[in-house]
Amino acid sequence: MTRSAADIIEEYGPFPGADQVHGVTYDGRHVWFAAGATLNAFDPLSRQQQRSLDVPAHAGTAFDGEHLFQLAEDRIQKIDPKTGRVLATISAPGGGGGSGLAWAEGTLWVGQYRDRKIYQIDPETGAILRTIESNRFVTGVTWVDGELWDGTLEGDQSDLRRVDPETGKVLERIEMPPGVGVSGLESDGGDRFFCGGGRSGKVRAVRRPRNTGDRPAEAG
């Protein structure tokens with residue numbers, strides 16, 4: 001397993017009216033973050049908040065290229081980002097306690113905090129397709145270049161982990177500084193992860209390591 005210290009390259013926020021960050025996603029231009037009663041978007045280039053939708057946003061956030069998906073207690077909402085309208089709702093796996101949320105290849109991946117699990121689910125029905133066990137509390141989940149990553153928490157230590165999606169084996173760890181938590185995780189599709197900062201109200205960008213250890217070679 002490859003292990004490294006997190007290279008935090010940017011910090012965004014806190015933002016007005018949003019004192020916590022519960023989930024994070026990226027639509028190619030804006031970073032969206034869940035703040036409890038609102039779902040907000042900011043431009044990482046200008047660092048300015050651009051949008052705020054009045055929808056329950058208690059945990060993980062995901063984007064499928066057209067719609068936002070948002071964990072709200074024991075359900076997952078499908079949201080039109082242009083209007084903020086909730087288009088559909090499905091039950092979240094585990095009956096609540098969800099944390100991270102990601103979209104990959106037509107399915108949703110849900111981090112379950114208290115049960116220390118990651119679920120792959122059908123976005124239309126909520127049916128569980130796969131369950132991955134973790135040995136730490138799961139606080140975020142994302143996919144990039146065919147790799148599954150999750151954010152974790154144990155005590156005052158958080159890290160980002162690349163895990164085998166078939167076995168759950170930890171392949172790589174990026175360790176955050178002590179006391180710097182991760183609440184929500186998303187890749188920008190390139191060399192950085194956006195990490196929710198929980199009660200700090202911040203979103204942090206962490207550099208994604210490339211070509212280390214047992215990382216497979218990438219095409220292109």
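Computation of the quantities below employed the complete heavy-atom set of this structure, encompassing side-chain atoms and omitting hydrogens, waters and symmetry-equivalent molecules.
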Would you please indicate yes or no on a ring centroid separation below 6.0 angstrom for [Y] and [X]?
| X | Y | value |
| --- | --- | --- |
| Phe42 | Phe15 | yes |
| Phe194 | Tyr26 | yes |
| Phe63 | Trp103 | no |
| Trp149 | Trp143 | no |

More than 12 non-hydrogen atoms from neighbouring residues, nucleotides or ligands closer than 6.0 Å to CZ on Arg47, yes or no?
->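 Yes, because the 6.0 Å sphere around CZ of Arg47 holds more than 12 heavy atoms from other groups.
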Strictly by modelled atom types, are Gln77 and Thr89 linked by a side-chain donor-acceptor pair under 3.5 Å?
->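 Thr89 and Gln77 do not have a side-chain donor-acceptor pair below 3.5 Å.
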Going from [atom1] on [X] to [atom2] on [Y], what distance comes out if it is rounded to the nearest 0.5 angstrom?
| X | Y | atom1 | atom2 | answer |
| --- | --- | --- | --- | --- |
| Ile8 | Arg207 | CD1 | CZ | 12.0 Å |
| Thr152 | Ile174 | OG1 | CD1 | 11.0 Å |
| Glu105 | Thr107 | CD | OG1 | 7.5 Å |
| Asp64 | Lys78 | CG | NZ | 6.5 Å |
| Ser99 | His58 | OG | NE2 | 14.5 Å |
| Glu66 | Asp27 | CD | CG | 12.5 Å |

Could you walk me through whether Lys202 and Glu10 pass salt bridge (Lys or Arg N to Asp or Glu O under 4.0 Å), step by step?
-> CA-CA 10 Å; Lys202 296 181 179 181; Glu10 295 281 356; over 6 Å; no
Could you tell me whether the side chain of [Y] reaches within less than 4.5 Å of the side chain of [X], counting heavy atoms only?
| X | Y | value |
| --- | --- | --- |
| Pro81 | Trp32 | yes |
| Val55 | Ile79 | yes |
| His67 | Leu87 | yes |
| Trp109 | Ile132 | yes |
| Thr142 | Phe193 | yes |

Looking only at heavy atoms, which two atoms of [X] and [Y] are closest? And how far apart?
| X | Y | value |
| --- | --- | --- |
| Ser158 | Gly181 | OG-CA, 3.4 Å |
| Leu108 | Ala62 | CD2-CB, 4.3 Å |
| Ile121 | Pro93 | CG2-CG, 4.1 Å |
| Ile90 | Glu124 | CG2-O, 3.4 Å |

Can you name the side chain to side chain donor-acceptor pair (under 3.5 Å) partners of Asp150, sequence neighbours left out?
->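 Here no residue qualifies.
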Glu147/Arg208 ion pair, N-O < 4.0 Å |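 So Glu147 pairs with Arg208 through a salt bridge.
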Charged N to carboxylate O under 4.0 angstrom, Asp164 versus Lys169?
->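 Lys169 and Asp164: not salt-bridged.
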Any donor-acceptor N/O pair, Thr38 side chain to Ala35 backbone, under 3.5 Å |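 No: the side chain of Thr38 does not pair with the backbone of Ala35.
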Without swapping roles, check the side chain of Arg204 against the backbone of Ile9 for a donor-acceptor pair under 3.5 Å.
->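 Checking the backbone N and O of Ile9 against the side chain of Arg204, no donor-acceptor pair under 3.5 Å is found.
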Partner residues of Asp159 under the salt bridge (Lys or Arg N to Asp or Glu O under 4.0 Å) criterion, sequence neighbours left out =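 If we apply the salt bridge (Lys or Arg N to Asp or Glu O under 4.0 Å) test to Asp159, skipping adjacent residues, the hits are Arg136, Arg161, Arg173.
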